[in-house]
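Please read these numbers as outputs of a predicted model, since none were measured by experiment. Throughout, numbering of the chain's residues begins at 1 and tracks the sequence.
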Amino acid sequence: MTQQSEFLWYIPNQVVAGHRGEPVRDDHNSLDTLTSHAKALEEHGWKGALLGAGWGRPDTFTVATALAARTKTFEPLIAIRPGYWKPANLAASIATLDHLSGGRVRINIVSGQDSIAAYGDQEGDQAERYGRTQEFMRLIRRLWSEDNVTFKGQHYWLDNSTVTPRIAARPDRPTPKLYFGGASAAAERVSASEADIQLFWGEPLEGIAARIDRLKQLSKNQDRDLPPLEFGLRITTFVRDTTEQAWAEAEAKVAEMAKAGKNDWVDERRPKAVGQQRLYDLQNQGDVLDENLYTAPGKFGGGGAGTTWLVGSPADVARSLKRYRDLGITHFVLSDTPYLRELSRQGDQLLPLLREQA
């Protein structure tokens, strides 16, 4: 893989211990524990980590701010939701944290359904939800780069708004990167026009290739006025010293999941999003696709990035990730549990292989 590829991990941001089989500890979400993960990421070659969001979790922006203050190079990918934030509030908060951290902030815009009434939000149907997201993303970009922004839209309005401090633009990053997910037609239209990076979950290569082609065409059809859309992969990477060991332990872990029941492994309620359903539907094609894409975890409650796993030795998984890179994926968000042990293992064994492959 080229030096243009970037590799992030995942730091659990949960009130309840035991996320996806993580060992249960009373201090699992203390600042010291979370900081130990962020510092280990720095030590083992990772660029940063995604911090999950959702009502009922610790506030993601607060956690990211604390971790940025305790680290030197760690870049938090902060998941946020329109509705929980207003555009000017987020633009100002991000500009401030970006200034204080020396330009280390990334944003993952999340439009999936959540407990919106719990935090005082309301939204209409899917079209309205993604219409609001599109306005939101366009507005925060303007607020980062323009003075005296006035905007009257369907969902937001601003009058003479200037955000300070200003974003320190760099040639490779004029503003903080906006990551975005979603597989519905409405989500893909937003991504094609407004996102910097479209994140995919762990689908087979054929499905990812088709989605990349579709998003590139959508970008042209919508006269995208931003730099070309980039692509990322968020997936579980189940890496062990040998192929045989990896598969034996992966199958044993899925057997444990089957005994435990779905409620012990699913993050929240079983999602109904289009992208999540695409992952569940892969089970109909077989337990193993594309040589080592393991779909069985989804049968027993593995949701989101835990629905499918890339399983194998470091060389096996590096080879598979390179195939995604050949399709145009340049941003990788990987994880496995126990998180701290695996970020060290994969940082030492997997990342060097990914960086040496062209």
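A salt bridge links Asp316 to Arg319: one of the charged nitrogens lies within less than 4.0 Å of a carboxylate oxygen. Under 4.0 Å is where a charged nitrogen must lie from a carboxylate oxygen, and between Asp196 and Arg141 at least one such pair does. Taking 4.0 Å as the cut-off between side-chain N and carboxylate O, Arg70 and Asp32 count as a salt-bridged pair.
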Identify every side-chain donor-acceptor pair in residues 72-79 under 3.5 Å, counting partners at least two apart or on other chains, and give the distances.
| from | atom 1 | to | atom 2 | distance (Å) |
| --- | --- | --- | --- | --- |
| Thr73 | OG1 | Glu42 | OE2 | 3.2 |
| Glu75 | OE1 | Arg106 | NE | 2.6 |
| Glu75 | OE1 | Arg106 | NH2 | 2.9 |

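Under 3.5 Å, the side chains of Thr162 and Asn148 contain a donor-acceptor pair of N or O atoms. Donor-acceptor pairing under 3.5 Å is recorded for the side chains of Arg234 and Ser335. Looking only at atom types and distance, the side chain of Gln346 has a donor-acceptor partner in the side chain of Thr237 under 3.5 Å away. Side-chain contact, Tyr324 with Asp290: no donor N or O sits under 3.5 Å from an acceptor N or O. Asp213 and Gln217 form no side-chain donor-acceptor contact under 3.5 Å, judged by distance and modelled atom types alone.
Classified by interplanar angle (parallel below 30°, tilted 30° to 60°, perpendicular above 60°), the ring pair His331/Tyr179 is perpendicular.
Residues passing the side chain to side chain donor-acceptor pair (under 3.5 Å) test with Thr150, sequence neighbours excluded: none.
For the ring-ring contact (aromatic ring centres under 6.0 Å, His included) test with Trp309, the passing option among Trp201, Phe238, Trp247 is Phe238; the others fail.
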